[in-house]
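Reviewing the structure listed below.
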Amino acid sequence: MEWMDLLKSLIFWGPGAVLALAMIWALYKLADKHFGAFIVAQQSQANSMEGLKISIQAFVSTDNGEHREMMVLLKYIAQHQQGLEEMRTEHAEMMSKEGACRRP
């Protein structure tokens, strides 16, 4: 009885419905065959992007560590340079006082 009802519905909708069903079935078969490979390729690309993410994170953390090292060294150099400037100023003042004392 089901087949008879289906056949009556198909006759009612006409040949357009039969063609539409045939096209849907064909697209389903094509999608099943070709999109499986597409999905596998997409998964492979996602895995490689995950590897790229890990590599970039490692590079950035290494770069940040090197940047911190450089900042510490620059602060160290600046402190020593400031100390040398203070010593030079003191020495210049001392020399000028000695020169003033020696001149009659």
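For the numbers below, each heavy atom of this structure counts, side chains included, while hydrogens, waters and symmetry mates do not.
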Could you grab the distance from atom [atom1] of [X] to atom [atom2] of [Y], nearest 0.5 Å is fine?
| X | Y | atom1 | atom2 | result |
| --- | --- | --- | --- | --- |
| Ile56 | Leu52 | CD1 | CG | 4.0 Å |
| Asp5 | Phe12 | CG | CZ | 14.0 Å |
| Ser96 | His91 | OG | NE2 | 10.0 Å |
| Met23 | Leu30 | CE | CG | 11.5 Å |
| Leu19 | Ile24 | CG | CD1 | 11.0 Å |

Checklist entry - Between Ser44 and Val40, is there a donor-acceptor pair closer than 3.5 Å when you use the side chain of the first and the backbone of the second? => result no

Next on the checklist: I'd like to check Arg68 versus Met71 (side-chain heavy atoms, cut-off strictly below 4.5 Å). Are they in contact?
Outcome noted: no

Checklist entry - Is the shortest heavy-atom distance from the side chain of Gln57 to the side chain of Lys53 under 4.5 Å? => result yes

Checklist entry - Going by the side-chain hydrogen bond (donor to acceptor under 3.5 Å, both in side chains) test, which pairs reach into residues 78-88, not counting sequence neighbours? => result Tyr76-His80, Glu85-Arg88

